[in-house]
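Inspection log for the structure reproduced underneath, given as structure tokens.
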Amino acid sequence: MSDEKVIIRSKKLIKNHLLRRRQFILDVIHPGRANVSKKDLKELIQSTYECDAQTIVLFGFRNKFGGGRSSGFCLIYDNMEALKKFEPKFRQIRAGLVQKKETSRKQIKEQKNRQKKIWGLGRRVVKKKARRAAAQED
């Protein structure tokens, strides 16, 4: 971090037992700086809330007009198992927990159009065949 002081404040702190996490809005006051990196914020939150840095998820940060302040959302999961179960795949990819599956746009669209032609129970059968084929590849 730079020599300027960074202050974090949490608002609307909720302990969500169903999703096994603490969730809150994080206000960051950073005078003299454009913004604060998520890595630095994770360190501050880890020291404040006594939790593992890997279980912290930060997203949605926006600077306030005039600068010096930012606001975003923070989730602190109870453990890695809960994070992997409840966190959306795209945020797990951003955090480096899951590798992104590279597929071309054309393949995705062809798959979608093939799926539209199948009705009723046939969808389930096609998905099952695809899963078996993928399992045999691995």
Side-chain angles (χ1 to χ4, degrees):
M1 283 196 282
S2 121
D3 54 346
E4 286 92 9
K5 185 87 171 140
V6 175
I7 301 167
I8 59 170
R9 291 192 182 130
S10 58
K11 295 192 305 189
K12 302 182 181 178
L13 177 67
I14 298 170
K15 176 72 172 131
N16 191 331
H17 294 287
L18 289 174
L19 298 177
R20 291 186 257 159
R21 69 185 185 195
R22 288 175 277 179
Q23 56 193 46
F24 51 91
I25 295 171
L26 191 69
D27 282 339
V28 185
I29 301 167
H30 46 88
R33 295 177 68 170
N35 53 24
V36 184
S37 70
K38 288 183 182 176
K39 187 177 126 187
D40 293 342
L41 286 175
K42 275 188 180 186
E43 291 172 5
L44 286 168
I45 292 166
Q46 182 182 7
S47 63
T48 306
Y49 291 95
E50 289 116 27
C51 58
D52 184 21
Q54 285 188 321
T55 60
I56 299 171
V57 180
L58 298 165
F59 61 94
F61 279 87
R62 292 281 178 251
N63 290 352
K64 300 288 186 202
F65 182 75
R69 295 180 69 138
S70 310
S71 181
F73 210 69
C74 179
L75 307 173
I76 303 174
Y77 283 92
D78 293 345
N79 52 36
M80 286 300 291
E81 179 187 315
L83 188 144
K84 289 184 179 184
K85 183 175 180 182
F86 296 116
E87 196 64 15
K89 291 286 184 260
F90 75 95
R91 286 205 294 251
Q92 288 185 31
I93 291 168
R94 284 180 190 172
L97 302 172
V98 178
Q99 293 295 319
K100 185 175 181 181
K101 189 172 81 172
E102 291 294 330
T103 315
S104 71
R105 286 178 58 81
K106 187 168 184 174
Q107 282 180 325
I108 292 169
K109 290 179 181 190
E110 286 173 352
Q111 176 68 29
K112 173 189 63 110
N113 290 331
R114 277 196 301 270
Q115 192 71 18
K116 288 197 294 191
K117 294 174 187 171
I118 302 167
W119 284 83
L121 295 174
R123 288 180 192 231
R124 191 173 66 199
V125 173
V126 169
K127 284 183 181 178
K128 187 175 180 182
K129 286 181 181 177
R131 264 189 259 127
R132 282 188 176 170
Q136 288 177 353
E137 283 180 15
D138 295 337

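In this chain, residues are counted from 1 in sequence order.
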Working for side-chain contact (heavy atoms from CB on, under 4.5 Å), residues R69 and N63: CA-CA 6 Å; R69 295 180 69 138; N63 290 352; over 6 Å; no

Could you tell me whether [X] atom [atom1] has more than 12 heavy atoms of other residues or ligands within 6.0 Å of it?
X    : atom1 : result
R124 : CZ    : no
E110 : CD    : yes
R91  : CZ    : yes

Show your reasoning for whether side-chain contact (heavy atoms from CB on, under 4.5 Å) applies to D52 and Y77. CA-CA 9 Å; D52 184 21; Y77 283 92; over 6 Å; no

So if you build clusters from Ile, Leu, Val, Met, Phe, Trp, Tyr with side-chain heavy-atom gaps below 4.5 Å, do M80 and I76 land together?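 M80 does not cluster with I76.
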
Look at the side-chain heavy atoms of Ile, Leu, Val, Met, Phe, Trp and Tyr, link any pair under 4.5 Å apart, and say whether V57 and V98 land in one connected group.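 Yes, because V57 and V98 connect within a single hydrophobic cluster, where side-chain heavy atoms sit under 4.5 Å apart.
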
Supply the atom-to-atom distance [X] [atom1] to [Y] [atom2], rounded to the nearest 0.5 angstrom.
X    : Y   : atom1 : atom2 : value
K100 : Q92 : NZ    : CD    : 14.5 Å
Q99  : I93 : CD    : CD1   : 8.5 Å
L13  : C74 : CG    : SG    : 9.5 Å
R20  : H17 : CZ    : NE2   : 12.5 Å
R62  : N35 : CZ    : CG    : 11.5 Å
R9   : T48 : CZ    : OG1   : 12.5 Å

Considering only heavy atoms from C-beta outward, does the side chain of [X] approach that of [Y] to under 4.5 Å?
X    : Y    : value
V28  : S71  : no
R132 : K129 : no
K11  : F24  : no
Q46  : I56  : yes
F73  : I25  : yes
E87  : L75  : yes

Run the ring-centre check on F59 versus F90 and record whether the distance is less than 6.0 Å.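 Not close enough - the centres of the two rings lie 6.0 Å or further apart.
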
Under 3.5 Å, side chain of Q23 to main-chain N/O of K15, donor-acceptor pair present?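 Judged by distance alone, no pair lies under 3.5 Å.
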
Have D40 and S37 got a donor and an acceptor in their side chains that come within less than 3.5 Å?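 There is such a pair between these side chains.
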
Let's go through H30 and K5 carefully: what are the C-alpha distance in whole Å and the side-chain angles of both, what is the deciding distance for side-chain contact (heavy atoms from CB on, under 4.5 Å) to 0.1 Å, and is it a yes or a no? CA-CA 7 Å; H30 46 88; K5 185 87 171 140; over 6 Å; no

Show the nearest heavy-atom pair for residues F61 and S70, with the distance to one decimal.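 For F61 and S70, the tightest heavy-atom pair comes out as CD2-CB, 4.5 Å.
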
Using the side-chain contact (heavy atoms from CB on, under 4.5 Å) rule, pick out the option among L41, D27, V36, I29 that qualifies with I8.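 When L41, D27, V36, I29 are each tested with I8, the side-chain contact (heavy atoms from CB on, under 4.5 Å) holds only for L41.
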
Might you work through the side-chain contact (heavy atoms from CB on, under 4.5 Å) test for D78 and T55, ending with a clear yes or no? CA-CA 7 Å; D78 293 345; T55 60; over 6 Å; no

